[in-house]
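Take this structure first; my questions come after.
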Amino acid sequence: MIRFLLNQTLREESSISPNMTVLNYLREHIAKTGTKEGCGSGDCGACTVVLGEVVDGRLSYRSVNACLTFVSALHGKQLITVEDLRNKKTLHPVQQAMVEHHGSQCGFCTPGFIMSMFALTKNKPNADKEETYEALAGNLCRCTGYRPIVDAALSLSQSQPIRDQFAEYEQETIARLSCIAPPELQHQCEGKTAFTPQSSDELASVLLAHPNAKLLAGGTDLALEVTQFHRDIDELVYVGQVNDIKVVKETDTHIEIGANVPLTDVYEALTPHYPDFGTLIQRFASLQIRNQGTVGGNIANASPIGDAPPLLIALGASIELRRGHTVREIPLEDFFTAYKVTTLQPSEFIQTVRIPKPQNGQMFKAYKISKRFDDDISAVCGAFHLTFEKEAETKSDVVTNVKIAFGGMAATPARAANAEQSLLGKPFTMANVQTAMAALEQDFSPISDFRASKTYRLETAANLLYRMYAEHRIEAHADNAKSGNAIATRVIHHVS
C-alpha cells in the first residue's frame, strides 16, 4: 500500500505498477491532466509538481519532474499539482501573477512554470533575480515568453511567505503526514516488485536476496529506462526511505555525505568548504533534478561526463561500499574501471562518500564547459586541487601535492597523471604550467562526438589548467589591481 496526500486528500494505492511514473498516474489513473508531458526525460519542466515532506517538524517543499518520479516515491509525502493551487474560485497568487504579467502564451509550459514558482515562494519568498532564474532554469517556454514569466515570478518576491491555504493547513498537513505508517517492505503488481527498505541494514538484506534488483534513489537516470527506452524494470529497490544514508556529518578531518543525500543538500554541505564545488552543482541539470538526484546515484551511474566524480576525485574523496554486514572503503578514483563499469560487486551499494576538509595552503578550482550555462551536460569538466608551500629563498609557491581530474576526456572520470607530475615539487610558474598543459596529450585521448571534438576537448582542458593558474595569480596579487586586470585580460582571451 502506497499512502500519500494528494493536496489534502489521503490516497491509498495498492494496485499501481512499480514502473508507473507520477506523470502517468496523474494523467491516466486519476485524470488530472494539468500536469503536461513534454520530453519525458526531465529536461523541459512541463511536468513539474511539488512534493511536501516533513523535515525537522516543518513542511519542506521541493519541485520535481513527475515524468522521472515513480509513484513509490510518494509514500508519506504530499503531492501538489497545478489543479491544487486554486482556493475555491480564487486563483493562487502565483497563478494571478502569471495572468497579470501575460506570462502564458500557448499555455503548454504554464503549469510547470507555475509549480516551480510556487516552490520558489515557499522556499525563498524574497527571492532575487538570480534565485528566480535558478528556480525557473529547468522549465522551457517554446513560445519564448521568458520575460513576462520572470516578471511574474519577481513580482511575488516579498519579505514574508505568501499566506495561502497551504500555510493555513500546514500544521494539520504535518500531523496527517506524520501519522502515515512506513510502507510495507514489498509491493507487487503486474508481475513487477518494488522493495522499500527503511534502513541500510534492511537495504543490505534485500540486495543479498535480490542481487539483480535495480537501486532507485532519485530516479533521474534510471527512470529513462521506462520513459525513453520503454523497458520494464522487474525488480526495484527504492531507497528514498533509507534515512540513515540520507545524512551529512562532519568530523575534524572529513565531510561524510550519505549516498542518499540529494544534490540540493550536497550543495549546502560543500559550499562553505569548497565554493567552486557549490558553484558547479548549481549548474548540475535543473533544480528539479537536483532536488531528486543523489550523490550516490551520480557516482554509481559511472558516466564519463558526470559532474560530481571529477571534483570528488581531485579532492581525494573515498567511498564506503557495503555488502551485507561487510563494509569496505576505497578511493573514488579506483571505483571506475571502464566505460559505465565499476568495482561494485553483486548486492553491494554505495553507503557513504567521505571528503577531506580543506587545509591551509590548499587551493581547489573546478570548471564545467557546456553549450548552455544552465541545464546542460558537460563537454569537459576539470577539477584542480593543489597544496602550496612558500620557498624560503624566492618566496614563490612550490606545489607539494596536486590532484587534477577531468570528466569528458576518457571512458571514465580520470586523473591527469602526467600533468600532475609536471607540477609536483616545482614552483608554480607559467613555464611549469605550460609543460603541464602539453602533458595532457599524454594523459588523454578523448573522442569526438556531438558535444565536442577531440581537438576541442584537449584544447579546452589545457585552457582550464591555464585558467586555474591565472586565477591563482589574480588572488595572490589581489592588492595590485593593475597586475590583476592584466592577467584577467589574458585569461579571457586564452579561454575564449
Within a strict 4.5 Å, meaning less than it, do heavy atoms of the Glu134 and Lys124 side chains meet?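 The answer is yes; the side chains approach within 4.5 Å.
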Would you check, one step at a time, whether the test side-chain contact (heavy atoms from CB on, under 4.5 Å) holds for Val150 with Leu154? CA-CA 6 Å; Val150 171; Leu154 290 173; 3.8 Å; yes
Heavy-atom pair with the smallest gap, counting every atom of Ile313 and Lys403: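 Taking Ile313 first and Lys403 second, the nearest heavy atoms are O-CD, 3.7 Å.
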Main-chain N/O of Asn126 paired with Gln158 side-chain donor or acceptor, under 3.5 Å: no
Using only atom types and a distance under 3.5 Å, with no angle test, would you say the side chain of Thr412 pairs donor to acceptor with the backbone of Ala414?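 No, the answer is negative, given that no donor and acceptor are paired below the 3.5 Å cut-off.
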Would you find a donor on one side and an acceptor on the other, under 3.5 Å apart, between the side chain of Arg62 and the backbone of Gly52?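 Side chain of Arg62 to backbone of Gly52: no pair is present.
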Given Phe336 and Val341, is the side-chain contact (heavy atoms from CB on, under 4.5 Å) satisfied, shown in steps? CA-CA 6 Å; Phe336 308 102; Val341 179; over 6 Å; no
Has the side chain of Asn291 got a donor or acceptor atom that lies under 3.5 Å from a matching backbone atom of Leu287?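 Side chain of Asn291 to backbone of Leu287, a donor-acceptor pair under 3.5 Å: yes, one is there.
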Validation row: Asp375, Ser286 side chains within 4.5 angstrom (heavy atoms):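 A side-chain contact under 4.5 Å exists here.
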Asn139 and Gln288: side-chain hydrogen bond (donor to acceptor under 3.5 Å, both in side chains), yes or no, with the steps? CA-CA 9 Å; Asn139 296 80; Gln288 292 97 316; 3.1 Å; yes
Determine whether Met468 and Tyr367 make a side-chain contact, defined as any pair of heavy atoms from C-beta on separated by less than 4.5 Å. yes
Glu256 versus Glu250: any side-chain heavy-atom pair under 4.5 Å? no
Is the shortest heavy-atom distance from the side chain of Gln351 to the side chain of Ser200 under 4.5 Å?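 The answer is yes; the side chains approach within 4.5 Å.
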Nearest 0.5 angstrom please: Ile281 CD1 to Leu311 CG, how far?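 It comes to 8.0 Å.
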Passes side-chain contact (heavy atoms from CB on, under 4.5 Å), Cys141 versus Ile149? Steps please. CA-CA 9 Å; Cys141 172; Ile149 293 171; 4.2 Å; yes
Got a donor-acceptor contact below 3.5 angstrom from the Asp128 side chain to the Glu131 backbone?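 Yes, Asp128 side chain to Glu131 backbone: donor-acceptor pair under 3.5 Å.
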Let me see the working for Glu471 and Lys365 under salt bridge (charged side-chain N to carboxylate O under 4.0 Å, His left out), right down to the final yes or no. CA-CA 9 Å; Glu471 287 185 357; Lys365 299 286 186 183; 3.5 Å; yes
Between Arg283 and Phe373, which heavy-atom pair has the shortest distance, and what is it?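 Result for this residue pair: NE-O, 2.9 Å.
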Going by atom types alone, do Ser199 and Asp201 pair a side-chain donor with an acceptor below 3.5 Å? no
Distance-only, no hydrogens or angles: does the Lys368 side chain make a donor-acceptor pair with backbone N or O of Asp376 under 3.5 Å? yes
Take Ile330 and Thr343 through the side-chain contact (heavy atoms from CB on, under 4.5 Å) test and state the conclusion after the steps. CA-CA 10 Å; Ile330 64 170; Thr343 61; 3.6 Å; yes
Shortest non-hydrogen contact from Val94 to Ile114?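 Heavy atoms of Val94 and Ile114 come nearest at CG1-O, 3.6 Å.
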With salt bridge (charged side-chain N to carboxylate O under 4.0 Å, His left out) as the test, would you mind laying out the steps for Arg354 and Glu329 before giving the verdict? CA-CA 9 Å; Arg354 302 183 73 244; Glu329 184 173 352; 3.0 Å; yes
Enter the distance from Cys39:SG to Gln228:CD here, rounded to the nearest 0.5 Å. 7.0 Å
Test the Arg290-Tyr267 pair against the cation-pi criterion, namely NZ or CZ under 6.0 angstrom from the six-membered ring centroid and within 45° of the ring axis.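 Output no; distance or angle outside limits.
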CA sep, side-chain torsions, deciding dist, call: Lys454, Asp449, salt bridge (charged side-chain N to carboxylate O under 4.0 Å, His left out): CA-CA 8 Å; Lys454 172 182 178 178; Asp449 58 23; over 6 Å; no
Please lay out, stage by stage, how Phe384 and Phe406 fare under the test ring-ring contact (aromatic ring centres under 6.0 Å, His included). CA-CA 9 Å; Phe384 308 86; Phe406 283 97; 5.7 Å; yes
Should Asp397 and Glu391 count as side-chain neighbours, where that means a heavy-atom distance under 4.5 Å? no
Ser378 vs Asp307, side-chain hydrogen bond (donor to acceptor under 3.5 Å, both in side chains): CA-CA, chis, key distance, verdict: CA-CA 7 Å; Ser378 297; Asp307 285 335; 2.7 Å; yes
Answer whether the closest heavy-atom distance between the side chains of Pro446 and Leu458 falls below 4.5 Å. yes
Ala410 versus Pro304, closest heavy-atom pair with distance: O-CB, 3.3 Å
Is a donor on one side and an acceptor on the other found under 3.5 Å between the side chain of Ser347 and the backbone of Leu207? yes
Pair Thr435, Asn432 - check side-chain hydrogen bond (donor to acceptor under 3.5 Å, both in side chains), show working. CA-CA 5 Å; Thr435 301; Asn432 289 330; 5.0 Å; no
Could you tell me whether Arg415 and Glu333 have a side-chain N and a carboxylate O separated by less than 4.0 Å?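 Answer for the salt bridge query: yes.
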Side-chain (Ser116) to main-chain (Phe113) donor-acceptor, under 3.5 angstrom: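 It does not hold such a pair.
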I need the Thr429 OG1 to Arg473 CZ distance, nearest 0.5 Å.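 One finds 9.5 Å between OG1 of Thr429 and CZ of Arg473.
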If I compare all heavy atoms of Ala259 with all of Ile350, which pair ends up nearest, and what's the gap? CB-O, 3.2 Å
Ring geometry between Phe428 and Phe388 (parallel below 30°, tilted from 30 to 60°, perpendicular above 60°):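 Ring orientation of Phe388 relative to Phe428: tilted.
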Contact between Val402 and Thr387 at the side-chain level, heavy atoms closer than 4.5 Å - yes or no? no
CG/Leu23 to NZ/Lys36 distance, rounded to the nearest 0.5 angstrom? 10.5 Å
Picking from Lys214, His230, Arg231, what satisfies side chain to side chain donor-acceptor pair (under 3.5 Å) with Glu225?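 The single option meeting the side chain to side chain donor-acceptor pair (under 3.5 Å) with Glu225 is Arg231.
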